[in-house]
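Notes to accompany the following structure.
Remember, predicted model here, so these are calculated numbers, not experimental data. All chains are named by letter (A, B, ...) in the order of the sequence lines, taking the proteins before the strands, and each is independently numbered beginning at 1.
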2 protein chains.
Amino acid sequence: MLGLALPPQATQVGLAVDIAAFAMHGGELRVLLVQRGELPHARDWALPGGFVQPGEELHEAALRELRTETTVQLEPRHLEQFYTFGEVGRDPRGRIVSVAHLAVLPHGTVSVSGGGHTLGAEWLSAHHPPRLAFDHQTILTRALLRLQLRLEYANLALEFLPDTFTLPELQTVYEAILNRQLDKRNFRKRLLAQGILTPSGERRSGVGRPAQLYRRAKNVRVAAL
Amino acid sequence: MLGLALPPQATQVGLAVDIAAFAMHGGELRVLLVQRGELPHARDWALPGGFVQPGEELHEAALRELRTETTVQLEPRHLEQFYTFGEVGRDPRGRIVSVAHLAVLPHGTVSVSGGGHTLGAEWLSAHHPPRLAFDHQTILTRALLRLQLRLEYANLALEFLPDTFTLPELQTVYEAILNRQLDKRNFRKRLLAQGILTPSGERRSGVGRPAQLYRRAKNVRVAAL
DNA sequence: TCAAAAGTGTTGGGGATACACCCATGT
DNA sequence: ACATGGGTGTATCCCCAACACTTTTGA
């Protein structure tokens with residue numbers, strides 16, 4: 001084999017991943033944030049993330065950081081790379097390029113505490129987050145845009161809910177992500193017409209008329225891209 | 001300042017950009033390919049690309065590689081990052097992460113020859129390219145998908161044409177990118193209804209009835225994202 | 001006059017929007 | 001009985017797709 005080493009002009013940079021992980025909590029769209037324990041930006045909120053290890057795939061790094069920086073138990077239901085942030089001055093420690101990922105965690109995955117070198121982790125409002133470290137506000141904004149795109153188009157909303165759910169619950173997910181109100185009748189028509197939901201038993205809510213429970217129909221999968 | 005050096009766990013990887021540059025030629029969608037002059041994959045076709053230099057922004061690196069690997073004179077009319085390829089085994093020289101870019105070059109930018117350490121550069125069929133080095137076929141396929149998305153939605157087709165053009169020419173761009181035929185009447189209706197075109201003089205084609213010339217209306221811009 | 005390409009309208013269907021009342025349950 | 005939230009139908013509009021003939025020019 002000839003010439004198969006990294007050529008000298010190959011710039012070495014720090015390679016990182018950051019994750020915008022979303023879930024529903026309290027009828028609101030939340031994003032998982034960690035409180036940094038180290039400089040720079042110590043004690044500021046930031047998206048979970050960190051450096052990719054040698055021989056580690058990008059999505060594996062994203063999963064590992066989610067698990068070690070926060071004690072999130074469940075697997076994400078959706079994980080996709082959506083943009084790479086490599087601006088020269090984005091990190092004061094040097095040239096660090098971050099491949100940003102969008103994750104969706106199912107309902108019930110809401111108890112988190114800090115892990116690794118973070119002071120804590122919390123689910124905070126995705127549309128009105130606190131001030132974020134580095135360029136993480138930019139990353140979050142772009143993640144929200146991508147999430148809204150994917151919603152209309154790949155049934156990502158189902159990934160936010162448990163196996164069985166009611167139509168009003170599903171509508172709440174849509175409204176939280178799109179950040180606007182939807183018409184109940186039109187929403188039901190549209191979703192049922194897609195044929196991706198099948199009814200099961202009934203359910204008593206705390207108050208008011210009980211809602212029909214649905215589950216995702218067999219052979220329904222989320223789009224890959 | 002404390003602790004602002006790259007931490008030891010920061011994996012160093014090679015950072016590269018690859019560019020899928022598209023243009024119309026001979027009524028067909030073409031992609032700019034270079035013939036590699038070095039190992040690995042010497043003499044194979046590949047997308048132009050190379051390593052990002054220290055202190056250089058990603059999009060600057062993409063522009064520089066376009067100019068040095070090929071003698072493309074004009075500036076791209078559109079340049080956007082669309083995906084990052086970082087699979088561990090994608091390059092035999094080591095861990096190289098490539099931020100892939102989509103570029104659109106205007107008509108007239110068709111004379112190219114190799115530059116830098118390539119043997120040559122040519123505009124070849126985008127839908128039926130030759131066998132490509134590394135994972136560049138995957139990158140090209142994804143670039144085509146993104147180009148098709150952007151077309152319907154951000155008037156990218158205009159960037160393929162000179163300042164003035166006819167509706168049949170514009171339709172040819174759409175058909176070449178979407179890789180299917182469109183109905184002439186519906187196409188004209190749709191495009192004219194958008195109100196982004198304004199007519200100018202007439203033009204005699206070689207044969208047949210002359211077509212009306214159009215230019216893009218004032219205050220029309222391509223979407224940023 | 002012929003060949004070649006440009007130009008032109010109508011119809012039907014599907015999906016989105018707007019909109020107000022009745023139903024089932026727990027208290 | 002009442003408060004609370006779940007469930008339902010219709011009319012309209014707009015966008016898209018299908019479809020064939022006439023017009024203008026150069027040779």
Side-chain angles (χ1 to χ4, degrees), chain A residues 24 26-28 107 148-155 157-158 161-162 164-215 223, chain B residues 24 26-28 107 148-155 157-158 161-162 164-215 223:
Chain A
M24 290 294 295
E28 195 192 26
H107 191 77
Q148 289 172 345
L149 270 187
R150 284 285 184 264
L151 177 65
E152 307 274 13
Y153 171 102
N155 301 118
L158 298 183
L161 294 172
T164 65
F165 51 87
T166 67
L167 278 178
E169 284 166 356
L170 186 57
Q171 183 172 348
T172 302
V173 176
Y174 272 76
E175 290 178 337
I177 293 175
L178 297 176
N179 208 16
R180 63 189 170 91
Q181 300 289 106
L182 300 176
D183 180 88
K184 203 196 326 183
R185 286 167 288 188
N186 295 335
F187 179 79
R188 299 171 76 88
K189 244 180 306 175
R190 191 158 61 88
L191 267 288
L192 292 176
Q194 287 181 245
I196 59 175
L197 304 182
T198 54
S200 50
E202 283 244 337
R203 169 213 227 177
R204 67 208 71 271
S205 68
V207 62
R209 173 175 174 175
Q212 173 67 256
L213 281 172
Y214 292 86
R215 62 180 73 247
Chain B
M24 290 293 296
E28 195 192 26
H107 192 78
Q148 290 171 345
L149 269 187
R150 284 285 183 266
L151 177 66
E152 307 274 14
Y153 172 101
N155 299 120
L158 298 184
L161 294 171
T164 64
F165 51 88
T166 67
L167 278 178
E169 283 167 358
L170 186 57
Q171 183 172 349
T172 302
V173 175
Y174 272 76
E175 290 178 338
I177 293 175
L178 297 177
N179 208 15
R180 62 189 171 92
Q181 301 288 105
L182 299 176
D183 180 88
K184 203 196 327 183
R185 286 167 289 191
N186 294 334
F187 179 79
R188 299 171 75 90
K189 247 178 304 174
R190 190 157 62 87
L191 268 286
L192 292 175
Q194 287 181 245
I196 60 177
L197 303 181
T198 53
S200 50
E202 282 242 339
R203 169 213 228 178
R204 64 209 74 267
S205 68
V207 62
R209 176 172 172 175
Q212 174 67 257
L213 281 172
Y214 291 86
R215 63 181 71 250

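Comparing C/dA5, D/dA18, D/dG7 by their nearest atom to the side chain of A/A211 picks out D/dG7. The side chain of B/V207 approaches C/dA4 more closely than any other nucleotide in the set C/dA6, C/dT8, C/dA4. Closest to the A/R209 side chain, of the nucleotides D/dA17, C/dC23, D/dT23, is C/dC23. Among the nucleotides D/dA20, D/dT24, D/dG7, the one closest to the side chain of A/K184 is D/dG7.
Atom-to-atom, CG of B/N186 to C1' of C/dG12 comes out at 13 Å; the value is rounded to the nearest Å. The CG atom of B/L192 sits 11 Å away from the C1' atom of C/dG7 (whole-angstrom rounding). B/L167 places its CG atom 16 Å from the C1' atom of D/dT24, with the value rounded to the nearest Å. For the pair A/D183 CG and C/dA20 P, the computed distance is 10 Å after rounding to whole Å. A straight line from CZ of B/F187 to P of C/dT8 spans 14 Å, rounded to a whole angstrom. Between A/L182 atom CG and C/dG15 atom C1' there is a gap of 16 Å when expressed in whole angstrom units. Distance, B/R185 CZ to C/dG12 C1': 15 Å, rounded to whole Å. With rounding to whole Å, B/R203 atom CZ is found 15 Å from D/dG26 atom C1'.
In terms of polar N and O atoms assigned as donor or acceptor, the side chain of B/R190 never comes within less than 3.5 Å of the base of D/dA17 in a complementary pairing.
Among the atoms of the strands shown, base atoms are found under 4.0 Å from some heavy atom of A/R188.
Mapping A/P210 and A/K189 onto DNA chain D by nearest heavy atom places A/P210 closer to the 5' end of the strand. Residues B/L213 and B/G208 both approach DNA chain C. Their nearest nucleotides, taken by heavy-atom distance, put B/G208 toward the 5′ side.
Side-chain atoms of B/E175 and B/Q171 include a donor-acceptor pair closer than 3.5 Å.
In terms of heavy-atom proximity, A/P168 sits nearest to A/R188 at CD-NH1, 4.3 Å. Minimum heavy-atom separation, A/F187 to A/L167: CE2-O, 3.9 Å. Of all the heavy atoms in B/A176 and B/E28, the pair that sits closest is CB-C, 4.3 Å.
Shown are B/L213, B/T172, B/L197; of these, the side chain to side chain contact (heavy atoms under 4.5 Å, CB included) with B/F165 is made only by B/L197.
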